[in-house]
6 protein chains.
Amino acid sequence: MIFQDENAFDIGEKIKKTPCAILPIGAVEAHGPHLPLGTDNVLAERLARRLAERTESFVLPTLPYGQVWSLQNFPGSISVSNEALIRMLYDIGESLYRQGLRIYVMLNGHLGNAVALKEAARLLYKDYPELKVYYFFYPGSKQAIERVRETTSSHSSYFHACELETSYMLYLAGEYVNMDKALDDTPNIGVEADCTPTPWEEFTTTAVLGNAALATKEKGKEVIEATLNTMTAMIEGAKQRLQYGKEQ
Amino acid sequence: MIFQDENAFDIGEKIKKTPCAILPIGAVEAHGPHLPLGTDNVLAERLARRLAERTESFVLPTLPYGQVWSLQNFPGSISVSNEALIRMLYDIGESLYRQGLRIYVMLNGHLGNAVALKEAARLLYKDYPELKVYYFFYPGSKQAIERVRETTSSHSSYFHACELETSYMLYLAGEYVNMDKALDDTPNIGVEADCTPTPWEEFTTTAVLGNAALATKEKGKEVIEATLNTMTAMIEGAKQRLQYGKEQ
Amino acid sequence: MIFQDENAFDIGEKIKKTPCAILPIGAVEAHGPHLPLGTDNVLAERLARRLAERTESFVLPTLPYGQVWSLQNFPGSISVSNEALIRMLYDIGESLYRQGLRIYVMLNGHLGNAVALKEAARLLYKDYPELKVYYFFYPGSKQAIERVRETTSSHSSYFHACELETSYMLYLAGEYVNMDKALDDTPNIGVEADCTPTPWEEFTTTAVLGNAALATKEKGKEVIEATLNTMTAMIEGAKQRLQYGKEQ
Amino acid sequence: MIFQDENAFDIGEKIKKTPCAILPIGAVEAHGPHLPLGTDNVLAERLARRLAERTESFVLPTLPYGQVWSLQNFPGSISVSNEALIRMLYDIGESLYRQGLRIYVMLNGHLGNAVALKEAARLLYKDYPELKVYYFFYPGSKQAIERVRETTSSHSSYFHACELETSYMLYLAGEYVNMDKALDDTPNIGVEADCTPTPWEEFTTTAVLGNAALATKEKGKEVIEATLNTMTAMIEGAKQRLQYGKEQ
Amino acid sequence: MIFQDENAFDIGEKIKKTPCAILPIGAVEAHGPHLPLGTDNVLAERLARRLAERTESFVLPTLPYGQVWSLQNFPGSISVSNEALIRMLYDIGESLYRQGLRIYVMLNGHLGNAVALKEAARLLYKDYPELKVYYFFYPGSKQAIERVRETTSSHSSYFHACELETSYMLYLAGEYVNMDKALDDTPNIGVEADCTPTPWEEFTTTAVLGNAALATKEKGKEVIEATLNTMTAMIEGAKQRLQYGKEQ
Amino acid sequence: MIFQDENAFDIGEKIKKTPCAILPIGAVEAHGPHLPLGTDNVLAERLARRLAERTESFVLPTLPYGQVWSLQNFPGSISVSNEALIRMLYDIGESLYRQGLRIYVMLNGHLGNAVALKEAARLLYKDYPELKVYYFFYPGSKQAIERVRETTSSHSSYFHACELETSYMLYLAGEYVNMDKALDDTPNIGVEADCTPTPWEEFTTTAVLGNAALATKEKGKEVIEATLNTMTAMIEGAKQRLQYGKEQ
């Protein structure tokens, strides 16, 4: 069900049976010494494959460039603008709709993309109301996180290259993780960072927001399986509503 | 030298020695029954890896969505606008420049992207004159093509899912080709197609422009090696000019 | 210190002593039967005046139109696009900078404006790094909220025409509140609302998210004073850094 | 009939009876020593309220930022671009239309906004032909002005902080006027000012274009009542055409 | 001194002596039965040639498409948007500046272009302050018009295919005028036309605003010579200021 | 059949019989010492007139400004952006469609405009599918060129101020050619010029790409008549399809 491995002669029939396509989207961004720059891409892609298996969906090729404002000055980060992202995500959605797909899942591995994804989804909602668009950034993982996390979070919504994200990688793509280099670096992020533009070099030199050394595959499994369940349920619900719409 | 597999602690030093980054860019597009929708992505990515090896460059993650106006109505095609592409390619170039890279190669596997690549390169040329930007679409392959081609071309600049492109795939990514399904379908494309908007369904039902059955790995090798030589020479020249600039 | 009540002959001297200008920004939006459509404007304006008194700042005229996507289909809502907001907020900031002001506070009374405010702030940060830009949406109020709130929240980040917002109004602008009409209407907002475009008519008919009848002036006072303290501290810090910069 | 003081439960019924909404729009701009920076906002708002009373219309919250190119370098001026204004005025009109309003009056107190208002009106005219859009800048006042004016005008279309505008303020908002500081400063504005970009500091240091000391409340009354009559007649005509349309 | 008739080997030297280039800009628009659709282009071009002779300037090729909102529904009218015009006028100015020209005269034959010309001039003023930009629409002609006009004007700022414009054509390009068909059609244009989008078909079927039959070559000469004098004086002043700047 | 020489009273009837309008578009650009800066405009206009005669079409006024990136630094060149061109060409097409024309021919004399023309045509194709849009740059001339050319081309797609273009001018507008100054200057343009932004000053000082001295009127005639035949055939085909559509 890798979309781009299909051929044009067969894909039409397959789309009729498979209304849902999942777009992994991540970023190239500093993730400390123990994780690769492409961590968010790897996570999005691996999650997408698992979600596609559970929901009989297509996996689209990964869009590997994201909005990396906060870490743009760290070595290796590549950032694209919200405008570029919104337009590209919209255009992809429009093509999917014309191809007959009816559920478009943007599976996001990078928090910085959230604004662009939501905006693209709203634009598509207006122009193509029959296309159901999701933007997923680990939905339904809150309780699992509370269960597994040993450290408190540096910030109410940021997590980065930390106990959590490293655990996700250990579970989904352990071959990319070098736990020998996993740091414990929990910065103090003041309330001001939520109220004024604050590149992360103002509070961290490592881009690690927590104790990565506490990461385990098991923690990753618990959170990832929880979010997979949540996402699966939403997609299955959407598929049933589609089916119901057809039957009427 | 896969850029996104590097980590942020090491990448800075590596960039100092390796000034060149290669961005593969392709498309998801109908390529007949014997080639996958992602053919242009696969070709761009494989070529990029070979070119990177020869020139000690980084390979960036593939940008897998392109401008697919002509084939947008064929099953499986996904098209994004020139505007989205230009902006994203520009933003990536800007980030590369800030990271210290000085040669940005857009290695293109899809002709429809050519306008966007050239425009993005011109914008970067104006704003970042110290960044050398290349847009490559099989440069220097003309003579090799003339040597290997058994059929005449359907069109002066288009080639698609044909003897040539299928040969490239056989050489670079044979595991994606199903030669049993390779068609011979050479449409008659009139001069009007170059003078008025002409979606390809007006002259082909297969999206194959020629006799794909004549493709061989050897033909592919001859053309691909020729273009690799040409691209390598350009990059090496650019690297030497950088070096010369530093020594002065 | 109402900026627009000053005259052009005196304002130049005053700006030299008063580097900070506060822009209240709200929206016209449905707020149930007990609060006016302009609730967010009233709150932003009243808060701005108190903050200005504490910090010796100017209060700019209120920008009374905001992004009201979620409630745009409710009676009385007026929505403007992120693009319009971003551009206007940027332009205002640019003028303030040219006028000699160095701290630009966007005091926001409407959550839907948050994306635009942050984006405008980032654009100004890039182009006018000497202008400190804040976007405030009740910062530092979390603990006070936890102390006063009797009901659980309908949603992790939304609050609207509820126990909290009604309490803020009772404290800051009680003359606009009609407690006789205050409803208890706590909708069940599923996780899906955070993952797909969800206009609020899908889960509420009143636009009240909670039990407004529990609102009191005292609760409002506790939260509002907490956020005023937080905002005051940030502005005073910024003023001191300005002063320190001048002295060096 | 202050729109934002209404609540969402009642507004729907009221809109059915009251099809017209008036948006005051002004600017923050230098107006000499005797008038406040917000003069254009005050005038627009006061005029709007009188016009609303006469025509049973809603008054929307004032949009207090305008295009102030000519005086942007004077102390206290805040300027926003035509693009920002056009987009915001358009978006407001679109929302009003969706809310069921059918007459949208942009009551302008600042000449510099005229281009943006006209352009926004034309865009709405194309997209929402059923929405009648007016842009008013003292229409029908010419004869009254000729009657009351004691001095000749500095310029064929500019008037600013002068005998006229000060008179309007004395009539509509005398509490903001300090006649003790009213200057007589009539610059010589050459024909070139209409043919090349000419910021006003090239011909005035006060931003007063005439003899403000000659202003009286009576002069203001004569002009303001004349323009109120003209505007009232237009709105009443539009309302009757709406009524006629419904009856057919 | 026709710019495009020069060749690239000589033009550089000539520009050093001739700092001023005149761009005629008009429109294709209904002008009644006695004048051609291209009247505004013809007038702009003929005026430009005379002005160039008087001021030793270059005449650039005519930009023959303008903003024709008001008459867009009349037979033969072609309208382009303000956006297209502004961008093109700006780009031309930028090129002229880079070529070494220092005075850029937009000689306008069509009132509908006025907004775009002024906006383009302001943008250039900001980005290229050393480039003097003029936008001319019959400047300095008011008194001459009052002397020659036998009829009152239909509107305070519109004149179209009438006694005046026909007289200009008789003087500058009589071969295009068919006086046998000249109509007397003076519409009643109410004050509302200045306050709401009003395509001209609402008040005229001929697009003639006045008594064209009263046009004479002599009237045309008087007005045209007056405006030529005014324009010449401005350009000569600008040239002297350039010279003075060089000498310092 | 000069469109702008028609008047508004007659044009409506004529359009009913004449569905095709031809827009000449060129550029102001360096063309060596023997050809004027306006060469591309002259060629486009003369070709358009001949084509109009053969096909009973209207000739629209020439759009004389084009995208001149490659030669923008040569004396006399004036360049406008693709954005400006695309928008203007689109707007003109939209007006033509509303006027009842059904075939819109953009007759291009300057290769640099090709991207903008194609993009404008595609936009119109989407929004006005009933409007047939052509973009012509010497279509069908390849074989005639091979017959007449005595020298090999400097580049696979560029020709400029050379044997060919000079021959076209000798045939269509000989009065603008000064053969005494015709140069032989055949630069060596490497493959890199097609792969990276390369302003032409990098390989030529004359902007002549070949041996202009070999130009003859006869060569010009052979190529021009060939392309006129090709263009005529396409337009006649389109006219017949229109007719057929009406008859059905």
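In what follows, every chain begins at residue 1, and chains take the letters A, B, ... in the order their sequences are listed. All of these numbers come straight from a predicted model, not from anything done at the bench.
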May I have the step-by-step check of side chain to side chain contact (heavy atoms under 4.5 Å, CB included) for C195(D) and K118(E), ending in yes or no?
CA-CA 8 Å; C195(D) 301; K118(E) 190 170 180 178; over 6 Å; no

For the pair M234(E) and V191(D), evaluate side chain to side chain contact (heavy atoms under 4.5 Å, CB included) and give the outcome as yes or no after the intermediate values.
CA-CA 9 Å; M234(E) 283 196 247; V191(D) 63; 3.9 Å; yes

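Put simply, of L117(D), V133(D), V115(D), the one with the most heavy-atom pairs under 4.5 Å next to chain E is V133(D). The most heavy-atom pairs under 4.5 Å with chain E, out of M106(D), E192(D), R122(D), E119(D), come from R122(D). Between chain D and the residues L124(E), D194(E), T230(E), V105(E), the largest count of heavy-atom pairs under 4.5 Å involves D194(E).
No part of K142(D) comes within reach of chain E, as not one of its non-hydrogen atoms sits under 4.5 angstrom from that chain. Only the side chain of F136(E) comes within contact range of chain D, with at least one heavy atom under 4.5 Å from a heavy atom of that chain. When heavy atoms are compared at a cutoff of 4.5 Å, Y135(E) approaches chain D by way of both its backbone and its side chain.
Expressed to the nearest 0.5 Å, how far OH of Y125(D) lies from OG1 of T198(E) amounts to 7.5 Å.
Atom CD of E225(D) has more than 12 neighbouring heavy atoms from other residues, nucleotides or ligands inside a 6.0 Å radius. Within a 6.0 Å sphere centred on CD of E56(E), other residues, nucleotides and ligands contribute 12 heavy atoms or fewer. Other residues, nucleotides and ligands place more than 12 heavy atoms under 6.0 Å from the CD atom of E202(E).
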